[in-house]
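Report on the following structure.
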Amino acid sequence: MKIWNKLEIEKLVYGGWGLARTDQGIVFVSDVIPGETVRAQQIGVRSDCPIAQPVEIIEPSPNRRNPVCACAQECGGCDWQHIAHPVQLTIKKKVFLECLERTGKLHDLPPVQIFSAHEWNYRLRVQFKVEPARGKKGFYKKGTNEIVDIPACRLLAAPLNDFFADLDLHLASLPESTAEIKAVCGSDGVVASYPAVNGTVMKKALIDVAGSRLSVSGTSFFQSNRHLLEPLGKWAGPWLEGDTFVDLYGGGGFFSVMLGDAFKKGLCIDNEIECIDLAKENLYNNNLPHVETRLVSAENFLLNPSIKDIDCLIVDPPRPGLTRNAREGISALNPNQILYVSCNPSTQARDIGYFVNKMGYTIYKAALFDLYPQTHHMETAIILNKGALRMG
């Protein structure tokens, strides 16, 4: 593989890679910081460009720090432990804006609000990789399916690390085909997992957010950062208008519960029965009888929506973003407002560009939530209004 004796890192791009320019083209480099000069070796190809890892940091950034986790260089869970946390936030904001400008072809953007909290022990949800026959547990090694058997994880809330330590007692009782254990930690420290591990967990955990209590199962999706649940759930509330909302990828009802009181009528939609059952439970327990649920995919709902006049459409799609059919269905539905929450600023920018440049929406508010410190991942939210731009 090729070796570059001197690469100057211009910036970091989505995916966490450092970008360096050479006479032969762009090289993407892992484990670097903007402004650094490195000697690097090629390890593969990404988007027809070589990718490399540094073998020597020739000129380190003043923002470089030593990872606190001894497994950071090997474990695939973290890729930014070497970057000071305030600088991680600055980089994520630049990546978010660049995605909107380059991918979405969007300009004159509003200020981006940034929400961050503790950089360690924040995760309340996790997927442990296991090999019961070999007694192995941990996370995948970077770029492989090989399990790194770590002593504990600095990102996890304490009850999840306790659960992880206790797995040694129960691995042998799991089916040999078990490849992972999904677990979520409640506000009271109770851990729910799938598959359930004998003697250690319940089937569900209860999470308290902004005066509401949400039931979450081991398999259901839920936002991971326990410190930022309230800012994420409540951020858009002051700017949402109208009487009716639809939560198009509603899951267990997180946004429906967090924002439901702002509307007279709502509908929470998901295509998984377990999510809808949780949403029903959460809406009932939080006294939101005016919000109904429906088991249907986003695309099928949009083909024949039961509610025509929607004031606000909430979308929090999977990482690939909205499908073409979903984008076109939303356009036909023509809601007055769209709240678009995403874990992938690249696909979000593509979709937002469609609504702004083709359908006449304008970006009213934008926010970045640092749900995943020590990694390049982020959560971003944008409020779109139909018609003229309103800034506030």
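Predicted model only: the values in this text are computed from it and were never measured. One is the number of the first residue; the rest follow in order along the sequence.
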Go through I269 and D247 one step at a time and tell me if the side chain to side chain contact (heavy atoms under 4.5 Å, CB included) criterion holds. CA-CA 6 Å; I269 290 169; D247 189 357; over 6 Å; no

Can you tell me if [X] and [Y] form a side-chain donor-acceptor pair at under 3.5 Å?
| X | Y | answer |
| --- | --- | --- |
| R39 | N5 | yes |
| E299 | N325 | no |
| E379 | S342 | no |
| N66 | H82 | no |
| N385 | T362 | no |
| N357 | K105 | no |
| S215 | E281 | yes |
| R350 | T103 | no |
| T380 | Q348 | yes |

Donor-acceptor pair, [X] side chain versus [Y] backbone, under 3.5 Å?
| X | Y | answer |
| --- | --- | --- |
| D370 | S116 | no |
| K386 | M359 | yes |
| T178 | L174 | no |
| Q337 | E241 | yes |
| S224 | R123 | no |
| N63 | V87 | no |
| K141 | G76 | no |
| E36 | I33 | yes |
| Q81 | C69 | yes |
| Q42 | G44 | yes |

[X] to [Y] - nearest heavy-atom pair and separation:
| X | Y | answer |
| --- | --- | --- |
| G260 | L288 | C-CD2, 4.1 Å |
| D270 | G251 | OD2-N, 2.9 Å |
| F263 | D243 | CB-O, 3.4 Å |
| P195 | E180 | CD-O, 3.7 Å |
| P54 | V29 | CD-CG1, 3.9 Å |
| C312 | I310 | O-CG2, 3.2 Å |

As a quick check of understanding, evaluate side chain to side chain contact (heavy atoms under 4.5 Å, CB included) for I91 and I83, giving each step before the final call. CA-CA 10 Å; I91 295 171; I83 306 175; 4.3 Å; yes

Do Q113 and W235 pass the side chain to side chain donor-acceptor pair (under 3.5 Å) test, and can you show the C-alpha distance, the side-chain angles, and the key distance before you say yes or no? CA-CA 10 Å; Q113 294 178 271; W235 169 73; 2.8 Å; yes

Tell me whether the rings of Y372 and H377 are parallel (<30°), tilted (30 to 60°) or perpendicular (>60°).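 Perpendicular, since the angle between the ring planes exceeds 60°.
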
Give the C-alpha distance, both sets of side-chain angles, the deciding distance and a yes or no for side chain to side chain donor-acceptor pair (under 3.5 Å) between E119 and Q374. CA-CA 7 Å; E119 58 176 312; Q374 320 315 328; 2.8 Å; yes

Go through M378 and L371 one step at a time and tell me if the side chain to side chain contact (heavy atoms under 4.5 Å, CB included) criterion holds. CA-CA 6 Å; M378 68 188 86; L371 297 193; over 6 Å; no

Would you say that more than 12 heavy atoms from the other residues, nucleotides or ligands in this model lie under 6.0 Å from the NZ of K234, or not? yes

Over 12 non-hydrogen atoms of neighbours within 6.0 angstrom of NZ in K94: no

Evaluate the side-chain proximity of [Y] to [X]: yes if any heavy-atom separation is below 4.5 Å, no if none is.
| X | Y | result |
| --- | --- | --- |
| D162 | V191 | no |
| W80 | T375 | no |
| L248 | L302 | yes |

For [Y], does the six-membered ring have the charged nitrogen or CZ of [X] within the cation-pi criterion, i.e. under 6.0 angstrom from the centroid and within 45° of the normal?
| X | Y | value |
| --- | --- | --- |
| K137 | F164 | yes |
| K182 | Y194 | no |
| R125 | F222 | no |

Measure the spacing between OH of Y364 and CD1 of I338 and express it to the nearest 0.5 Å. 16.0 Å

Residue of the set T244, D311, D309 for which side-chain hydrogen bond (donor to acceptor under 3.5 Å, both in side chains) holds with N336: D311

Residue pair S212, M258: steps toward the side chain to side chain contact (heavy atoms under 4.5 Å, CB included) verdict: CA-CA 8 Å; S212 298; M258 291 293 101; 3.8 Å; yes

